[in-house]
Amino acid sequence: MEKMNAAVVTRFGEPPHYQPFDLPAPAAGEVLAEILAAGLHPRVRSGAAGSHYTSSGTLPMIPGIDGVGRLPDGKLVYFASDNDVLGTMADKALIDPRRSVELPAGADIARVAAAMNPAMSSWVALRRRVALQPGQSVLILGATGNAGTMAVQVARRLGAARVVGAGRDLSRLRALPALGADDVVQLTDDADATSEALAAAAAEADIVLDYLWGLPAQRAIMALLTARSDRSRPLDWIQIGAVAAPTIELPSVALRSANFRLQGSGQGSVSPRGYLAELPSLINEITAGTIKVTPRPVPLADVAAAWAASEPPGERIVLVP
Ligand SMILES: NC(=O)c1ccc[n+]([C@@H]2O[C@H](COP(=O)([O-])OP(=O)(O)OC[C@H]3O[C@@H](n4cnc5c(N)ncnc54)[C@H](OP(=O)(O)O)[C@@H]3O)[C@@H](O)[C@H]2O)c1
């Protein structure tokens with residue numbers, strides 16, 4: 001059996017090891033593409049830990065959910081993979097060419113691999129879950145991470161009149177106005193002060209993009225709803241990430257006393273066809289530089305060390321075979 005090099009998870013809870021792996025055989029409709037770069041996104045980590053909601057628990061597995069690859073015909077493409085056993089962190093990966101998008105000439109491969117997953121979270125939410133109307137006001141809860149920082153830029157690009165970024169890290173919050181935020185709110189352990197600050201900055205928000213969930217979201221929901229001037233005006237809350245905690249307590253009164261509309265955005269709530277339709281326009285934004293991204297290329301052979309390293313704020317590790 002012909003072999004390739006890959007990042008291989010043999011036990012959940014352990015980082016992947018760089019080792020030989022059987023070259024996968026394409027099924028009908030698939031091709032074997034040469035991988036040029038694959039982003040180490042939080043979603044990749046949860047898949048490799050066997051804890052993502054799409055995980056089948058099969059081992060050994062190759063992590064990686066997307067990447068930039070070269071097809072056998074020479075085309076450079078960005079593609080997403082939903083194969084939770086044979087992922088993209090390898091010399092080669094299986095691609096369904098119909099689920100890939102050709103990169104424009106001169107595209108920066110590492111930037112595309114780093115930015116597509118975090119940027120897509122807000123791009124798809126604001127185009128496929130709740131279509132942002134020009135002039136609306138958006139709060140990003142968890143605006144200091146890669147996805148949240150890009151969400152500030154995406155909301156602005158899609159026509160938001162007011163964008164507020166909320167997060168823990170003050171130095172990263174201070175960088176947001178230069179990227180399009182009108183105001184920022186620091187989330188601290190002082191629940192009352194945080195609620196007051198959120199209410200002052202974002203009580204009239206139309207849409208919240210929530211990357212945190214857990215206590216910060218639980219408190220923010222009540223802070224915004226109680227401070228709203230007109231509670232019958234819709235507040236669309238789009239749940240995207242859960243870096244703070246997987247659950248919240250939601251008082252039923254939140255749903256009765258205000259026009260609070262709670263939904264999520266991710267794999268499943270948006271169809272593969274829906275994601276695919278958004279890829280070309282988002283690739284254009286990223287290659288045009290509308291969305292700031294700082295890739296950190298690391299050789300795939302160093303995957304175990306990359307896994308253990310904490311990502312410098314604002315950077316996204318991209319593994320390069
Ligand atoms: N549904 C989708 O379509 C989709 C797509 C992409 C990503 N996501 C999800 O979005 C989330 C963020 O992804 P990312 O790529 O931006 O990750 P990231 O770059 O690692 O950012 C995570 C951020 O969360 C902050 N954070 C962690 N715990 C927090 C807490 N308790 N309160 C406030 N902030 C907290 C961290 O900031 P500090 O530690 O500096 O405060 C960090 O800036 C992940 O859950 C990811 O899975 C969802």
Side-chain angles (χ1 to χ4, degrees), residues 39-49 51-55 63-66 80 82 113-130 139-154 165-176 179 184-191 194 197-198 208-220 237-248 263-272 274-276 278-279 282 286 291-296 306-307 309-318:
L40 179 42
H41 315 296
R43 162 75 183 78
V44 175
R45 287 181 188 273
S46 62
S51 60
H52 192 260
Y53 62 88
T54 59
S55 176
I65 54 155
D66 68 350
D82 58 7
M116 284 299 282
N117 171 267
M120 203 161 354
S121 66
S122 52
W123 186 268
V124 164
L126 293 176
R127 285 166 58 93
R128 293 270 154 182
R129 296 300 279 156
V130 176
L139 167 66
I140 317 292
L141 197 61
T144 56
N146 275 284
T149 301
M150 289 179 191
V152 169
Q153 301 162 74
V154 165
R168 292 192 301 198
D169 185 279
L170 197 54
S171 64
R172 302 210 63 218
L173 282 175
R174 286 194 177 124
L176 295 180
L179 297 173
V184 295
V185 174
Q186 190 181 19
L187 306 174
T188 70
D189 291 338
D190 185 337
T194 300
L198 278 172
V208 177
L209 301 183
D210 175 11
Y211 290 91
L212 301 179
W213 209 231
L215 261 187
Q218 189 174 311
R219 289 176 179 152
W237 196 282
I238 314 182
Q239 208 305 303
I240 300 177
V243 295
T247 57
I248 64 166
Q263 60 184 303
S265 182
Q267 273 178 288
S269 54
V270 178
S271 67
Y275 274 108
L276 191 60
E278 297 300 336
L279 294 182
L282 185 53
I286 290 165
I291 299 170
K292 191 170 174 293
V293 47
T294 313
R296 188 183 212 213
W307 224 261
S310 59
E311 215 164 31
E315 295 187 13
R316 173 62 29 103
I317 291 172
V318 167

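Numbers for residues simply follow the sequence, beginning at 1. Atoms within a ligand are numbered from 1 in the order they appear, just like the ligands themselves.
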Would you say [X] touches ligand 1, if touching means a heavy atom closer than 4.0 Å?
{"X": "Gly142", "value": "no"}
{"X": "Met120", "value": "no"}
{"X": "Gly167", "value": "no"}

Is there a polar contact, in the sense of an N or O pair closer than 3.5 Å, between Ile240 and ligand 1?
yes
Test your reading of the structure: does Arg168 have an N or O sitting under 3.5 Å from an N or O of ligand 1?
yes
Per-atom filter on ligand 1: closer than 4.0 angstrom to a heavy atom of Arg316 are 14 (P), 15 (O), 17 (O), 18 (P), 19 (O)
With a heavy-atom distance limit of 4.0 Å, tell me whether Ala147 approaches ligand 1 through its side chain, its backbone, both, or neither.
both
Which bit of Leu212 gets closer than 4.0 Å to ligand 1, counting heavy atoms only: side chain, backbone, both or neither?
side chain
What's the shortest heavy-atom distance between Ile238 and Gly264, and which atoms?
CG2-C, 4.1 Å
To check you understand the geometry: which heavy-atom pair defines the closest contact between Ala151 and Ile140, and what is its length?
CB-CD1, 3.8 Å
Which pairs of donor and acceptor atoms, one on a side chain in residues 115-122, lie under 3.5 Å apart (sequence neighbours left out)?
unit_1	atom_1	unit_2	atom_2	d
Ser121	OG	Pro118	O	2.7
Ser121	OG	Tyr211	OH	2.8
Ser122	OG	Ala119	O	3.3

Keeping [X] on the side-chain end and [Y] on the backbone end, is there a donor-acceptor pair under 3.5 Å?
{"X": "Thr194", "Y": "Thr188", "result": "yes"}
{"X": "Glu278", "Y": "Gly274", "result": "no"}
{"X": "Gln239", "Y": "Gly241", "result": "yes"}

Give the residue, atom name and distance (to 0.1 Å) of the protein heavy atom nearest atom 24 (O) of ligand 1.
Val243 CG2, 3.5 Å
shortest atom 47 (O) of ligand 1-to-protein heavy-atom contact is with Pro42 CB, 3.9 Å
